[in-house]
Amino acid sequence: MNKKIKIATWNVNSLRVRLPHVLDFLKNTAPDILALQEIKMTDDKFPIEEIQAAGYHVLFSGQKTYNGVALLSRMKGNDVITDLPHLDDPQRRVLGTTYDNKLRVLNLYVPNGASLDSDKYQYKLNWFKYLHNYISESIQEFPHLILLGDFNIAPEDRDVYNPAAWKGKVIVSPPERAALRDLLSLGLHDTFRLFEQPPALFSWWHYRREAFARNMGLRIDFILASSSLSSHCTSCMIDIAPRGLERPSDHAPVVATFDL
DNA sequence: ATGGCAGGCTATGCCTGA
């Protein structure tokens with residue numbers, strides 16, 4: 001067969017506020033799968049009708065005020081999970097499903113970590129340990145595995161606008177970077193880095209002080225693919241256009257295409 | 001050097017984000 005599939009991820013920082021941007025993105029980019037993070041709403045508030053009217057199935061795992069993840073897709077997903085196995089966590093950061101009985105997709109909103117001396121940093125590293133253990137099993141069960149979302153880790157200095165200013169901070173700390181490298185070593189590939197990319201391409205910019213206009217950003221949103229998928233990946237790009245809209249999310253969507 | 005913006009909440013400032 002020769003099937004093209006387009007997969008995207010976007011931290012929308014409130015789906016209530018960003019729904020018009022998301023509907024425009026579905027129309028303009030027409031992804032087969034769109035993973036959303038930080039929808040910031042309880043499940044009873046999810047805009048099911050609007051998204052179904054755009055031609056997409058919906059899965060979501062939300063909570064009040066914070067976090068929350070969703071998957072919008074052309075195909076219907078099966079075998080849904082909303083937690084990392086063995087981790088009892090009220091925070092809604094995980095949404096996994098299987099499409100066409102073979103493509104396993106895990107949408108992740110990795111904890112931010114606040115600062116290196118905080119409990120939230122320990123929570124982040126611990127959360128990542130449970131993720132690692134789960135993926136070490138999942139990648140055996142599902143050769144076609146995609147992990148995508150907001151990882152809240154900048155893998156290398158080239159993913160940071162000003163590495164010197166970020167040194168010693170959360171997002172770039174050596175233990176976080178090591179945790180991400182260990183995850184990739186299970187057999188996952190950062191699809192963005194499969195291709196030659198211009199320097200200083202980021203997926204997040206602070207709202208403050210014209211950070212986007214000055215391209216003071218970080219690359220922390222990824223589409224990771226298992227080897228059997230990454231070899232069929234034909235592109236990965238960051239779509240910065242939505243970051244320039246009125247009332248934007250602070251993150252830009254990342255889009256990857258596969259020729260399966 | 002510092003702090004700056006945005007979203008949600010039941011608040012009329014505080015917490016969180018990265």
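A note on names: the letters A, B, ... follow the listed sequences, proteins ahead of strands, and every chain is numbered from 1.
Using a 4.0 Å heavy-atom criterion, one finds that A/Tyr109 contacts the sugar-phosphate atoms exclusively. Using a 4.0 Å heavy-atom distance criterion, A/Lys45 is classed as making no nucleic acid contact. At the heavy-atom level, A/Arg18 lies under 4.0 Å from the strands shown only through sugar-phosphate atoms. If you check every strand for non-hydrogen atoms under 4.0 Å, A/Asn11 touches sugar and phosphate atoms only.
One side chain, A/Asn13 or A/Lys40, offers a donor N or O that lies under 3.5 Å from an acceptor on the other. Remark: the A/His144 side chain and the A/Ser228 side chain contain an N/O donor-acceptor pair separated by less than 3.5 Å. Looking only at atom types and distance, the side chain of A/Gln91 has no donor-acceptor partner in the side chain of A/Tyr66 under 3.5 Å away.
Between A/His206 and B/dG3 there is no side-chain N or O to OP1 or OP2 distance below 4.0 Å. OP1 or OP2 of B/dG17 sits under 4.0 Å from a side-chain N or O of A/Lys120.
Here A/Lys3 pairs with A/Asp100 in a salt bridge; the nearest charged N to carboxylate O distance falls below 4.0 Å. One finds a salt bridge joining A/Asp157 and A/Arg177 here, because a Lys/Arg side-chain nitrogen approaches an Asp/Glu carboxylate oxygen to under 4.0 Å. Of the charged side-chain nitrogens involved, none lies within less than 4.0 Å of a carboxylate oxygen, so that A/Arg93 and A/Asp83 do not count as a salt-bridged pair.
B/dA6 atom P lies 16 Å from atom CH2 of A/Trp205, rounded to whole Å. Summarising the geometry, the separation between NE2 on A/His251 and C1' on B/dA18 is reported as 7 Å, rounded to the nearest angstrom. Here B/dG17 presents its P atom at 12 Å from CD1 of A/Ile220, a figure rounded to the nearest Å. To the nearest angstrom, P of B/dG3 lies 16 Å from CZ of A/Arg214. Atom CZ of A/Arg208 and atom C1' of B/dG4 are 6 Å apart (whole Å). A/Tyr121 has its OH atom 17 Å from the C1' atom of B/dG17, to the nearest Å. Following rounding to the nearest Å, A/Lys124 (NZ) and B/dG17 (C1') show an atom-to-atom distance of 11 Å. In this structure, A/Glu38 places its CD atom 19 Å from P of B/dC5, rounding to the nearest Å.
Rounded to whole Å, the separation between the C1' atoms of B/dT16 and B/dA11 comes to 15 Å. Between the C1' atoms of B/dA1 and B/dT12, the separation comes to 32 Å (whole Å). Nucleotides B/dC15 and B/dT10, compared at atom P, are 14 Å apart to the nearest Å. Straight-line distance between the P atoms of B/dG8 and B/dA18: roughly 15 Å, to the nearest whole Å. Rounded to whole Å, the C1' atom of B/dG17 lies 15 Å from the corresponding atom of B/dG3.
Taken together, the paired segments of DNA chain B that extend over three or more consecutive Watson-Crick or G-U pairs, each closer than 3.5 Å at both contacts, are B:5-9 with B:13-17.
Annotation: the span from A/Thr9 atom OG1 to A/Asp150 atom CG amounts to 7.5 Å, rounded to 0.5 Å. Note that NZ of A/Lys124 and CG of A/Asn152 are 5.0 Å apart. Values are rounded to the nearest 0.5 Å. Distance NE2/A/His189 to CG/A/Leu224: 10.0 Å, rounded to 0.5 Å.
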Would you sort out whether A/Ser203 and A/Arg219 count as a side-chain hydrogen bond (donor to acceptor under 3.5 Å, both in side chains), showing the intermediate values?
CA-CA 5 Å; A/Ser203 66; A/Arg219 193 178 70 90; over 6 Å; no
Please test A/Phe258 against A/Thr191 for side chain to side chain contact (heavy atoms under 4.5 Å, CB included), starting from the C-alpha separation and ending with a verdict.
CA-CA 10 Å; A/Phe258 297 84; A/Thr191 56; 4.2 Å; yes
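Taken residue by residue, residues 150-170 of chain A places heavy atoms nearer than 4.0 Å to DNA chain B at A/Asp150, A/Asn152.
Between the side chain of A/Arg209 and the base of B/dG4, no donor-acceptor pair under 3.5 Å is found.
A heavy-atom distance below 4.5 Å is found between the side chains of A/Glu176 and A/Tyr121.
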Could you write out each protein N or O paired with an N or O of nucleotides 8-12 of chain B at a distance under 3.5 Å?
from, atom 1, to, atom 2, distance (Å)
B/dG8, OP1, A/Ser14, OG, 2.4
B/dG8, OP1, A/Arg16, NE, 3.3
B/dG8, OP2, A/Arg16, NH2, 2.4

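Cluster annotation: A/Ile146 and A/Val255 are assigned to distinct hydrophobic clusters (Ile/Leu/Val/Met/Phe/Trp/Tyr, side-chain heavy-atom contacts under 4.5 Å, transitive).
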